[in-house]
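Here is the structure we will look at.
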There are 2 protein chains.
Amino acid sequence: MAAEQDPEGRAAARPLLTDLYQVTMALGYWRAGRASAPAEFELFFRQSPFGGAFALAAGLRDCVRFLRAFRLLDADVQFLASVLPPDTDPAFFEHLRALDCSGVTVPLLQVSGPLLVVQLLETPLLCLVSYASLIATNAARLRLIAGPEKRLLEMGLRRAQGPDGGLTASTYSYLGGFDGSSNVLAGQLRGVPVVGTLAHSFVTSFSGKEVPPDPMLAPAAGQGPRVDLTPRVEAWLERVCAHLGLGVQDPHPGERAAFVAYALAFPRAFQGLLDTYSVRRSGLPNFLAVALALGELGYRAVGVRLDSGDLLQQAQEIRALFRTTGAQFQAPWLESVPIAVSNNIDEEELARLSQQGSEVNVIGIGTSVVTCPRQPSLGCVYKLVSVGGQPRMKLTEDPEKQTLPGSKAAFRLLGSDGSPLLDLLQLAEEPAPQAGQELRVWPRGAQEACTVRPARVEPLLRLWVQQGQLCEPLPSLAESRAFAQRSLSQLSPAHRRLEPPAGYQVALSEKLRALVQRLSAGAPL
Amino acid sequence: MAAEQDPEGRAAARPLLTDLYQVTMALGYWRAGRASAPAEFELFFRQSPFGGAFALAAGLRDCVRFLRAFRLLDADVQFLASVLPPDTDPAFFEHLRALDCSGVTVPLLQVSGPLLVVQLLETPLLCLVSYASLIATNAARLRLIAGPEKRLLEMGLRRAQGPDGGLTASTYSYLGGFDGSSNVLAGQLRGVPVVGTLAHSFVTSFSGKEVPPDPMLAPAAGQGPRVDLTPRVEAWLERVCAHLGLGVQDPHPGERAAFVAYALAFPRAFQGLLDTYSVRRSGLPNFLAVALALGELGYRAVGVRLDSGDLLQQAQEIRALFRTTGAQFQAPWLESVPIAVSNNIDEEELARLSQQGSEVNVIGIGTSVVTCPRQPSLGCVYKLVSVGGQPRMKLTEDPEKQTLPGSKAAFRLLGSDGSPLLDLLQLAEEPAPQAGQELRVWPRGAQEACTVRPARVEPLLRLWVQQGQLCEPLPSLAESRAFAQRSLSQLSPAHRRLEPPAGYQVALSEKLRALVQRLSAGAPL
């Protein structure tokens, strides 16, 4: 499989985006005559993140893009030659130059192929899957907390680990259940819905003395003469201030000029950022004056945003004022203008903002979705499970770090209510479990076997790349998002709840457990 | 300034790597006739991260690369047209097509230029500086904990936020004081020293039955016949096991075969990973047998690595065994073979591994350098301070979020011992403070002024880009690394210590403070 044109203009990762030990091991395998030994690795994590019982596995698309484009350029090989011993056999570099992933097969996320190649893939695949899965899971948790109605927007690009961290965050928080992102590149490259209006700098950049080159606005319906928006706004300001018990000098003229400028640019999508100076004395009356002036022309303001203070309480107060003001001025649409909030919102604050009776409609989250502060990395690993057809196992003295040997299949066993009972790992050569038949399985960590009779059985590993070729089209991001939400909805409430969840069981088949026991006892490999 | 060929094959960030509201504000500015108003933003953070008193500012190179390449492609403008209102004036898109940073001036990190352009730069500059500075500071803390002697290696690529997060992490942890990285791409693109040897999978991939195609190795000096390494290793194994009180069956034959394969590939850089099976019963005797066999041929093993268990205690035991074994077999070089450790090392564990008498020489850190778990984001902001020559200030009800208005200069005032006393912010038009002259300044947050007489004054803002042109060559990464270490060494111990540090003061000049007071009191802008 040759390197091909990447739709995003570059591969998700370059072949040298890897740890040097992958390359030194490649030389070791090659020198030992084992570069092409058939080998299989598994990519997995040991514990669901954030203390929860579930995780969304994400990153498949980036992995496939990376595998399809995998080829070492001359410059790459030359760089490797500069960091390997000077007397390294030149034939090794010829071998590297010819490498691609044409021998590699990937169901998610078993990777089998020539030992040297599948070893080299370790770091980039971990890099592509681990954070994607972490943030998708984080986003899914936030969605569960917020409930289905609130609009959740990711706006953490500036808090991410550089450009690509930001792109990954926006893509996979959408997959995990967010509604959109502020990140324009995620819209362009990944099709994530993008959202955004204005920042405080836009507001502070206006003093109120600016004169727009064209202050005229046509009515929404397109009928009738264009009108100068500014005097209309000033007239409404007097009425609004009287209604709110404020002086007309209280609202900041620069903020109002900024709102007018924004309304002239976005008459059908006017939104006010209320807290640059004072919400109650300035932002709100200025917003109402502009919104009502636009309303006369047939335009409906689309929202307000708060970025400081007690967001829940302010939202209640603003909604109440929208009601009385809408009633006062025969503008009933004002009552339902969406209220958006942001400002370091974490899981606890999100729960508060999502409580019954909250008047918050849209919630923007940056740092705490992007950096996953409760657990900033997932700890995915990529372990060798078979080579030359023989099972392999790491038998360290640290039982936490032991691996499960052998080429495996994985199944999800579901109960009669459709929710998953447990996931079963077995050897690839074993027959698949059958619905309605009782099975004896060994839950991980348990000393005793148990029996389970699944009402339904779903294979978990799906073959995406066979001998370097894509087996079926990848799902779109929106399809993956829908799949993730469906999967989460099928989890039993005990597994879905965030804390303390019931632990979800993974069990081994009797044959797989017997192999583990035999290899642990030191049977020759 | 036209887009130019980027040495890394792509710019650090694309122009659309930005929040949508930057674009909607651009339209707002344009519609208000203010796109070209001269404006100035400042990029800063409010608090040093991790509870410390210092931070390293990093990311300049990426910012300059981004500014120099900044241009919207046709496809970019088309995408923006698809997310802006359909009736947006086509002349706005023509304006976007013609944009570049030729009007932009950047001392670190004041950004001045046409309002519309410098607004658009907000998100990517924050994205490029914030994480770079955070991880450089994190790395500097880890270096302070480890002391100057330990070799610190960053190996967190797989724990980073995708490919670019990993590249940024490797680059800036080196800048902050690490010695190298496992990330090959960081070596190729940024010149970071790269390091790596072998993983457990390399060890478990061997069963011991493999036959190397070429088992012969020439002596290190090149003189004398090539010898078959394997029987030499087996002979040494018997002697080593007898010395250690082990049976020759105890050490795992597959692990030994892996070590032999690695030694054949890297005779001058042989390193053993000891904990795949059992350090004491397998990894250590296998390593010693191979190292001693290599030693006979004039090669010196370069290290061992431990990745589990009590790293400090094992290092002490291994060093003791190296001593007795070296003495037993007349191989005194064995005594000083470096011991490398890894496995979720955080600040506390690093302090333990770095204590007096520790036998650990090399420390690999992944997750806790890359994800900065003590504080996963820096919270940089980018605030408008002047437009059209007039100072601007955000006067929110949340005093934490107030900004300092006006175009400013910044100076570091140093005491007679050469360590910094405080940093002074003043208006750009004020004369620079003079060494030896007493100054009245207002420490931030204090209610009273104080006086200071600096022995030396250093300007802090340096002009890197003027009207889009680079003013002087950027320092190399190694130069920046040396500069950072020098700066840290000049800090007083009270500011440098990690906890609890003495707070480092930033003060305002009288004129700047007066401007803040005047604008806070609601003087017309």
Side-chain angles (χ1 to χ4, degrees), chain A residues 13 16-21 24-25 27-28 31-33 79 83 123 126-127 131 157-166 168 182 184-185 188 194 196-202 204-205 207 212-213 261-262 264-265 275 277 308 367 371 373 376-377 384 387 392 394-398 401 525, chain B residues 13 16-21 24-25 27-28 31-33 79 83 123 126-127 131 157-166 168 182 184-185 188 194 196-202 204-205 207 212-213 261-262 264-265 275 277-278 308 367 371 373 376-377 384 387 392 394-396 398 401 525:
Chain A
L16 290 201
L17 186 88
T18 194
D19 295 311
L20 184 61
Y21 73 1
T24 55
M25 289 191 277
L27 177 55
R31 180 71 171 77
F79 179 76
V83 296
T123 310
L126 283 171
C127 184
Y131 178 61
L157 173 54
R158 65 191 62 187
R159 302 290 172 242
Q161 291 178 3
D164 215 86
T168 310
S182 68
V184 182
L185 198 64
Q188 186 184 32
V194 292
T197 52
L198 70 167
H200 295 109
S201 53
F202 189 83
T204 57
S205 85
S207 69
Y262 198 82
L264 286 171
D275 61 348
Y277 303 106
S308 55
T367 309
T371 67
S377 81
L384 182 68
V387 62
R392 285 289 177 272
K394 185 179 158 200
L395 278 173
T396 171
E397 285 154 337
D398 182 350
K401 289 199 162 189
L525 288 170
Chain B
L16 289 202
L17 186 88
T18 193
D19 295 311
L20 183 62
Y21 74 179
T24 54
M25 288 190 279
L27 177 54
R31 180 71 172 77
F79 179 75
V83 296
T123 310
L126 284 170
C127 184
Y131 177 62
L157 174 53
R158 64 191 63 188
R159 302 289 172 241
Q161 291 178 3
D164 215 88
T168 309
S182 68
V184 182
L185 197 65
Q188 186 185 32
V194 291
T197 52
L198 70 166
H200 295 108
S201 53
F202 188 82
T204 57
S205 85
S207 69
Y262 198 82
L264 286 172
D275 61 348
Y277 302 107
S278 160
S308 55
T367 308
T371 67
S377 81
L384 181 69
V387 63
R392 284 290 177 272
K394 184 180 157 201
L395 277 173
T396 171
D398 182 350
K401 289 199 162 187
L525 288 169

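Proteins come first, then strands; the chains are lettered A, B, ... in the order of their sequence lines, and each starts at number 1.
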Inset, instruction - To the nearest 0.5 Å, tell me how far B:Met25 CE sits from A:Ser205 OG. - result: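 The CE atom of B:Met25 sits 9.0 Å away from the OG atom of A:Ser205.
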Of the listed residues ([options]), which shares the most heavy-atom pairs with chain B below a 4.5 Å separation?
options                                : answer
A:Thr123, A:Thr168, A:Leu27, A:Val83   : A:Leu27
A:Leu126, A:Thr371, A:Thr197           : A:Thr197
A:Pro212, A:Ser377, A:Ala261, A:Pro373 : A:Ser377
A:Gly33, A:Cys127, A:Gly166            : A:Cys127

Legend entry - Residue pair A:Phe79 / B:Val184: nearest heavy atoms and the distance that separates them: CE2-O, 3.6 Å
Inset, instruction - Please name the pair of heavy atoms, one in B:His200 and one in B:Asp275, separated by the smallest distance, quoted to 0.1 Å. - result: NE2-OD1, 2.8 Å
Inset, instruction - Could you tell me which of B:Ala32, B:Ser201, B:Ala265, B:Gly28 has the largest number of non-hydrogen atom pairs under 4.5 Å with chain A? - result: B:Ser201
Inset, instruction - Decide yes or no for A:Leu384 and B:Phe202: does some side-chain heavy atom of the first lie under 4.5 Å from some side-chain heavy atom of the second? - result: no
Interface moiety of [X] toward chain B, non-hydrogen atoms closer than 4.5 Å:
X        : value
A:Val387 : side chain
A:Val194 : both
A:Thr367 : side chain

Inset, instruction - List for me each residue that meets side chain to side chain contact (heavy atoms under 4.5 Å, CB included) alongside B:Ser182, sequence neighbours excluded, and say none if there are none. - result: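 Applying side chain to side chain contact (heavy atoms under 4.5 Å, CB included) to B:Ser182 gives A:Asp19, B:Met155.
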Legend entry - side chain to side chain contact (heavy atoms under 4.5 Å, CB included) between B:Ser207 and A:Arg392, intermediate numbers included: CA-CA 9 Å; B:Ser207 69; A:Arg392 285 289 177 272; 3.3 Å; yes
